Amino acid sequence: GTLHEIDLTATLKQKADVDIERVLILGACNPGFAAQAFGISKDVALLLPCNVVVRESGGGCIIEAQNPGLLAQVISGGLQNLADDLSAQMRQMMRELTR
């Protein structure tokens, strides 16, 4: 699910009077994964939610997603299996978006 949306274009225009192409940052979260990860290490809260960025590029659109595997690299304590599962889900989501 999406926890929040940040319109980076509007924010930079309002706060810094800078014009950029359209960029939207989505804070994505799988509540089941988040609950399991938080149960393993409270430090995981620093890296949640996983960001997904949608931005204009050359008349089209680029979608980029944070690598959930970073959780296991940054926080020790048994997150690797969860991170691998979430990475697989994120790859599937990206495949579905690009069809």
Side-chain angles (χ1 to χ4, degrees):
T2 302
L3 296 179
H4 66 267
E5 295 181 14
I6 300 169
D7 182 339
L8 187 61
T9 306
T11 299
L12 291 181
K13 182 63 177 173
Q14 178 184 18
K15 304 282 184 181
D17 196 27
V18 173
D19 293 310
I20 64 168
E21 68 277 0
R22 293 189 314 178
V23 179
L24 183 65
I25 302 170
L26 306 173
C29 181
N30 176 315
F33 170 82
Q36 286 181 294
F38 193 73
I40 293 169
S41 173
K42 307 296 186 241
D43 294 336
V44 77
L46 292 168
L47 301 173
L48 296 176
C50 292
N51 284 334
V52 176
V53 175
V54 181
R55 62 183 174 90
E56 279 185 330
S57 178
C61 175
I62 293 176
I63 301 171
E64 302 167 306
Q66 179 180 324
N67 178 359
L70 294 175
L71 295 172
Q73 292 175 12
V74 174
I75 298 171
S76 61
L79 290 173
Q80 190 63 57
N81 289 338
L82 289 173
D84 290 345
D85 290 345
L86 187 57
S87 292
Q89 290 178 24
M90 292 288 281
R91 281 192 300 277
Q92 180 61 33
M93 177 202 64
M94 295 297 281
R95 278 193 295 275
E96 290 173 10
L97 287 172
T98 58
R99 288 183 183 176

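Just so it is clear, the structure is predicted and the values come from calculations on it, not from any experiment.
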Exercise for review: Taking side-chain hydrogen bond (donor to acceptor under 3.5 Å, both in side chains) as the test, write out the residues that go with Glu64, two or more places apart.
Suggested key: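 Partners of Glu64 under the side-chain hydrogen bond (donor to acceptor under 3.5 Å, both in side chains) test: Arg55.
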Exercise for review: Consider only side-chain heavy atoms of I, L, V, M, F, W and Y, link residues closer than 4.5 Å, and tell whether Leu3 and Ile63 are in one cluster.
Suggested key: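 Leu3 does not cluster with Ile63.
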Which atom pairs, donor and acceptor, lie under 3.5 Å between side-chain atoms of residues 79-88 and protein residues at least two apart or in another chain?
residue, atom, partner, partner atom, Å
Gln80, NE2, Asp84, OD1, 2.8
Ser87, OG, Ala83, O, 2.9

Exercise for review: For Glu5, check side-chain contact (heavy atoms from CB on, under 4.5 Å) against everything at least two apart and list the hits.
Suggested key: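 Checked Glu5 against side-chain contact (heavy atoms from CB on, under 4.5 Å); matches are Thr2, Leu24, Leu26.
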Exercise for review: Go through the structure and list residues passing side-chain contact (heavy atoms from CB on, under 4.5 Å) with Gln14, not counting sequence neighbours.
Suggested key: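 For Gln14, no residue satisfies side-chain contact (heavy atoms from CB on, under 4.5 Å) once neighbours in sequence are set aside.
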Check your understanding: How long is the gap from CZ on Arg91 to CE on Met94, to the nearest 0.5 Å?
Key ->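 So the gap between those two atoms works out to 11.5 Å.
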N/O donor-acceptor pairs under 3.5 Å from side chains in residues 34-51, not counting sequence neighbours:
residue, atom, partner, partner atom, Å
Ser41, OG, Asp43, N, 3.3
Lys42, NZ, Phe38, O, 3.4

Review point. Do any pairs count as a side-chain hydrogen bond (donor to acceptor under 3.5 Å, both in side chains) and have a residue in residues 21-34, sequence neighbours left out, and if so which ones?
Key: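 Output for this query lists Arg22-Glu56, Asn30-Gln89.
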Practice item. Hydrophobic side-chain clustering at under 4.5 Å (ILVMFWY, transitive links): who's grouped with Val53? Put none if nobody. Key: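 Other cluster members: Ile6, Leu8, Leu12, Val18, Ile20, Val23, Ile25.
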